K.L.:
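Submitted below is the structure of interest, expressed as structure tokens.
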Amino acid sequence: FELRPGNEVSQFEFVRIMQSNLPSRVYGDSSEAGGSVTANLVDLFKEIDMNGDGMIDWEEFTRFMIEKAALFKEQQTLDRLLSYNHNLTDEPSGHRHRNSIDCLTPLPKQFACIENTSPLISLYSARSGSLVTNMKCKAVPLSCLYIEPLQALVASCSDSTMVRFNVGESHHKVRYKQRSVWPTPETQMSMCWSPHHNLLYSGSVGGKVYAWDVEQRVSKCCFEGHTDIVMQCLSIDSLDSVVSGSLDTSINIWDTYTEQQTGRLMGHTKGVNSLAYNSRHRTLISSGFDHDVFIWSPFVSTLICKLRGHRASVIGCKTVEGTSELITADSSGIFKLWDLRNYSCIESFTTEHEPGDLNDLNGTLSSFTHLKMPSAAAGFGEEQDDYRLVAGSRKMG
């Protein structure tokens, strides 16, 4: 490129340069193979020449190669995560869950489990599935959230209280112990954490969203805009926003600085129960008791598309960090893996048990979460992370 006027090459020059640098095995032993290579190089030139001026410079060429390499790496990552193999957690006989699993929350190397009507929060090892400990609340916990900067697990309970537990690498005498508890104006059903503001946001049964200073155990502000239970709160710090989804079928977007509502998304015909955000594509995803998954633009409050394919109520949606992947699941036990680049379903899967088996999740799935853990072979030349799906009914799989 540097030897050409203007550091640009024409189509003819590009083909000659590439031919002179390709290994001889590419051409094979026939003239047809050589002609095919030339035709492919011509097509490659046209693909690189985005402005269509018949010339490409070094910047155009390198930008094209970098973009192609990034897409290839992304596709490799996507292919690597396509397979989720079922593995039933073997629980000690004294810890079998008798009721549905209402909430599953990821922690570093662990996950927390809340069983319907039980006062216990059970912590399990994310890698082995073995029970680590049980933490007891005075009332039934309804939801819980891990707050990394505080090394804490906060639970909202049915008696209109919030309970904070120590779950970090603290001294064994205080680890997994209750640290504080404080009352709330009404029962809270969902929570999210905003690192930018160091505030815990929670959605209540009355349709309000509260912001809490966990250290001071006081409410900083309250958003009012829903008429029914707020089932999900989601913090999007890159947009300085908190998003709330409610059983009133609406999704509200709140500015965390002005404390004002900046958007309202309508389209669900039944209550909204789950929200997710993909920062790569800047899309908001919502699911609810209807069977479709909604893809929104949070910038202009516009519905982009609906993902159809589930035949039962969708119980949740989870994005996979750093990828274009979305995982959804419905109450019948069907999981779907979606590609957000083209909104297509890549894979559908469920448990491998026969219908009627007590360990079968079909028709009884109530919650799930997605976990990302460092590879078990980390430090031995392996860089691949380990991804897990944890699903709950009366038993976890």
Side-chain angles (χ1 to χ4, degrees), residues 74 77-78 81 103-106 143 145-149 189-203 209 211 223 225-226 230-246 249-258 260-268 271-288 292-307 314-329 335-346 367-372 387 389:
E74 182 177 341
T77 302
L78 191 63
L81 298 179
C103 178
L104 290 167
T105 300
S143 67
L145 177 73
Y146 174 69
I147 304 176
E148 184 176 7
M189 292 295 296
S190 55
M191 294 181 288
C192 68
W193 174 257
S194 172
H196 283 189
H197 299 281
N198 289 320
L199 291 175
L200 172 68
Y201 290 88
S202 64
V209 177
F223 305 149
H226 293 292
V230 178
M231 296 295 291
Q232 181 76 63
C233 291
L234 175 70
S235 175
I236 308 178
D237 285 319
S238 60
L239 304 181
D240 297 320
S241 298
V242 165
V243 185
S244 56
S246 171
T249 73
S250 69
I251 300 169
N252 289 342
I253 303 174
W254 311 91
D255 188 302
T256 54
Y257 282 96
T258 65
Q260 299 297 313
Q261 182 176 327
T262 59
R264 185 174 178 87
L265 309 177
M266 300 297 297
H268 283 277
V272 179
N273 59 22
S274 185
L275 300 168
Y277 182 71
N278 184 284
S279 57
R280 174 176 293 189
H281 299 281
R282 296 185 177 185
T283 51
L284 176 68
I285 302 101
S286 65
S287 65
D292 297 334
V293 179
F294 288 59
I295 309 295
W296 309 86
S297 168
F299 300 97
V300 291
S301 300
T302 300
L303 177 65
I304 298 175
C305 71
K306 296 180 184 180
L307 303 182
V314 181
I315 64 166
C317 54
K318 307 289 182 183
T319 53
V320 181
E321 181 184 354
T323 74
S324 299
E325 297 172 25
L326 170 69
I327 302 172
T328 60
F335 291 85
K336 289 184 179 292
L337 181 64
W338 307 85
D339 186 347
L340 291 176
R341 293 171 298 187
N342 52 24
Y343 308 118
S344 63
C345 181
I346 302 169
S367 59
F368 82 98
T369 191
H370 187 268
L371 307 174
K372 178 182 178 181
Y387 292 83
L389 272 177

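Not measured: the values here are computed from a predicted model.
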K.L.:
Hey, is the main chain of Leu340 close enough, under 3.5 Å, to the side chain of Ser324 for a donor-acceptor pair?
P.N.:
no
K.L.:
First locate atom CH2 of Trp338, then atom CD1 of Ile285, and finally report the distance between them rounded to the nearest 0.5 Å.
P.N.:
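Separation between the atoms: 12.0 Å.
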K.L.:
Testing the basics here: between Met266 and Thr249, what is the closest heavy-atom pair and its distance to 0.1 Å?
P.N.:
CE-OG1, 3.9 Å
K.L.:
CD of Gln232 to SG of Cys192: how many Å apart, nearest 0.5 Å?
P.N.:
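Here the rounded value is 8.0 Å.
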K.L.:
Looking at every non-hydrogen atom in both residues, tell me the closest pair between Pro106 and Tyr146 and how far apart they are.
P.N.:
O-CB, 3.7 Å
K.L.:
Give the minimum heavy-atom separation between Tyr201 and Cys233, together with the two atoms involved.
P.N.:
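In terms of heavy atoms, the two residues are closest at O-CB, 4.5 Å.
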K.L.:
Side-chain contact, heavy-atom cut-off 4.5 Å: Thr369 with Thr105?
P.N.:
no
K.L.:
Test your reading of the model: is there a side-chain donor-acceptor pair from Arg280 to the backbone of Gly322, 3.5 Å cut-off?
P.N.:
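Indeed, once roles are kept as given, a pair shorter than 3.5 Å links the two residues.
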K.L.:
Rounded at 0.5 Å granularity, tell me how far CD1 in Ile346 sits from CG in Asp339.
P.N.:
4.5 Å
K.L.:
Is the side chain of Ser241 donor-acceptor paired with the backbone N or O of Leu239 at a distance under 3.5 Å, no angle test?
P.N.:
yes
K.L.:
Return the minimal non-hydrogen interatomic distance between His196 and Asp240, and the atom names on each side.
P.N.:
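Shortest heavy-atom separation between His196 and Asp240 comes out as ND1-OD1, 3.8 Å.
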K.L.:
Does a sphere of radius 6.0 Å around CZ in Arg264 hold more than 12 heavy atoms from other residues, nucleotides or ligands, not counting ones at 6.0 Å or beyond?
P.N.:
yes
K.L.:
Calculate, to the nearest 0.5 Å, the distance between atoms CG and OG1 belonging to Leu199 and Thr256 respectively.
P.N.:
8.5 Å
K.L.:
Starting from the C-alpha separation in whole Å, work towards a yes-or-no answer on side-chain contact (heavy atoms from CB on, under 4.5 Å) for Ile327 and Leu389.
P.N.:
CA-CA 9 Å; Ile327 302 172; Leu389 272 177; 4.0 Å; yes
K.L.:
Could you list the residues that satisfy side chain to side chain contact (heavy atoms under 4.5 Å, CB included) with Ser286, not counting sequence neighbours?
P.N.:
Ile251, His268, Val272, Leu275, Phe294, Trp296
K.L.:
Less than 4.5 Å apart, any side-chain heavy atom of His370 and any of Tyr387?
P.N.:
yes
K.L.:
Are any of the side-chain heavy atoms of Val243 and Pro298 separated by less than 4.5 Å?
P.N.:
no
K.L.:
Could you go through the side-chain contact (heavy atoms from CB on, under 4.5 Å) check for Tyr277 and Thr319 one step at a time?
P.N.:
CA-CA 7 Å; Tyr277 182 71; Thr319 53; 6.0 Å; no
K.L.:
About how many Å separate CD of Glu325 and CG of Asn278, when rounded to the nearest 0.5 Å?
P.N.:
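Rounded to the nearest 0.5 Å, the CG-CD separation comes to 10.0 Å.
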K.L.:
Run the numbers on Met191 and Ser202 for side-chain contact (heavy atoms from CB on, under 4.5 Å), then give the verdict.
P.N.:
CA-CA 4 Å; Met191 294 181 288; Ser202 64; 3.9 Å; yes
K.L.:
To the nearest 0.5 Å, how far apart are SG in Cys345 and CG in Leu337?
P.N.:
7.5 Å
K.L.:
Compare all side-chain heavy atoms of Val209 with those of Asn252 and state whether any distance is below 4.5 angstrom.
P.N.:
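No; the side chains remain at least 4.5 Å from each other.
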K.L.:
Search all heavy atoms of Asp292 against all heavy atoms of Lys306 and return the closest pair with its distance.
P.N.:
OD2-CD, 3.9 Å
K.L.:
Please give me the minimum heavy-atom distance between Ala276 and Cys317, naming the atom from each residue.
P.N.:
CB-O, 3.8 Å
